[in-house]
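Order of appearance sets the numbers: ligands from 1, and atoms from 1 within every ligand.
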Amino acid sequence: MITIFSPDHALHDAPHEFLDGKLIAPHESPIRVRMILEALERADIGPIQSPRAFDLDPIRAVHDNDYLAYLAQAYERWVGAGGDAAAVLPSTLAVRWMSRRSVGPLVAPGYYSFDLSAPIVAGTYRAARAAADAALTGAALLLEGQRLAYALCRPPGHHAGSDLYGGYCYLNNAAIAAHFLGVGSWELADGGRSSQLSTPSSQLPARVAVLDIDFHHGNGTQQIFYERADVLFVSIHADPAREYPYFAGYADERGAGAGAGLNLNFPLEAGVTNARYLAVLEQALAAIADFAPRFLVLSAGFDTFGGDPIGDFALTADAYPLIGQRIAQLGLPTLVVQEGGYAVAALGENATGLLRGLCAM
Ligand SMILES: [Zn+2]
């Protein structure tokens with residue numbers, strides 16, 4: 001199994017996040033990735049590669065142009081207009097009936113974000129691009145015939161929508177990779193003659209399933225693929241009636257238009273045990289098998305672990321190898337994309353456990 005990792009993740013190191021009415025030290029910090037990387041090296045689980053450098057095209061396929069331009073310049077423009085140099089964090093959010101687009105350097109953050117958990121610092125955009133490149137590199141490896149790759153992404157991505165960031169996420173690494181896998185299969189089919197990202201008139205993208213096993217609902221991934229017939233999104237997560245992201249992730253959100261029926265949410269109660277989780281996973285995997293995708297993208301968060309500071313499930317370290325084994329039994333080429341997980345001391349063991357289980361395929 002190949003891991004893709006970039007040290008550029010450390011360029012994103014937020015000074016704080018706003019949570020439960022308080023400005024606190026961020027749960028999402030560089031040490032998370034360092035802990036996983038050290039555990040992978042100790043476990044000798046396979047080679048670790050740097051990401052290839054991709055241009056913006058595969059990212060533009062998922063995110064809006066004006067959003068990407070905003071992210072690339074947000075910090076410099078904010079500081080240039082007198083914003084606090086510590087980090088970009090908006091005061092006013094564009095919500096519901098008050099959502100006119102405004103691009104002033106100090107107010108655009110409130111247009112392009114949906115919460116206050118995702119500050120932007122000087123290196124955030126470069127780190128987010130490196131994470132997207134890691135996911136794209138993993139997708140390219142699958143297109144080249146690898147069966148399993150692990151993109152050790154940071155910042156995570158599954159809360160980022162086509163034009164909104166939040167929940168520690170800026171670019172949706174899993175969605176970018178899933179789209180790339182779908183259209184990238186054209187290149188395989190025609191021997192590389194057509195562009196990966198143009199649409200040959202006679203061909204449809206390959207089917208891709210995204211399975212999100214982070215503790216939180218992957219609201220961004222859901223939004224990006226909600227009306228698409230070529231991508232199935234399945235998410236197992238804390239019931240949003242009780243947990244973040246609160247305003248999406250309910251079981252009755254089933255997709256729309258061409259994507260009707262292709263969005264499947266499993267919101268769960270607090271205290272979920274290994275046995276309960278594995279039983280729900282069976283239902284999720286059955287839906288994926290029915291869809292018969294060509295590739296699987298696994299949004300892997302470890303905040304389902306019992307000791308996680310912002311989760312309330314009760315999974316133990318023993319769960320992750322079993323989850324990996326069951327997913328491996330789908331027999332699909334699989335790209336694992338790192339999402340959340342904030343019980344830092346346990347992250348290495350939980351990540352290597354999942355990957356070892358997946359390696360059983
Ligand atoms: Zn999470």
Write the atom name of the N, O or S atom in [X] that is nearest the Zn ion (ligand 1).
X	value
D303	OD2
D214	OD1
H216	ND1

> For Y342, which residues count as a side-chain hydrogen bond (donor to acceptor under 3.5 Å, both in side chains) partner, sequence neighbours excluded?
Replying inline: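 Partners of Y342 under the side-chain hydrogen bond (donor to acceptor under 3.5 Å, both in side chains) test: none.
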Would a line drawn from the ring center of [X] to the ring center of [Y] be shorter than 6.0 Å?
X	Y	result
F302	Y320	yes
Y111	Y70	no
Y170	Y165	yes

> Any N/O/S atom, backbone or side chain, of E339 lying under 2.8 Å from the Zn ion (ligand 1)?
Replying inline: no
>> Would you say the Zn ion (ligand 1) has H158 as a near neighbour, meaning an N/O/S atom of that residue under 2.8 Å away?
In response: no
> For D84, what residues pass the salt bridge (charged side-chain N to carboxylate O under 4.0 Å, His left out) criterion, not counting sequence neighbours?
Replying inline: none
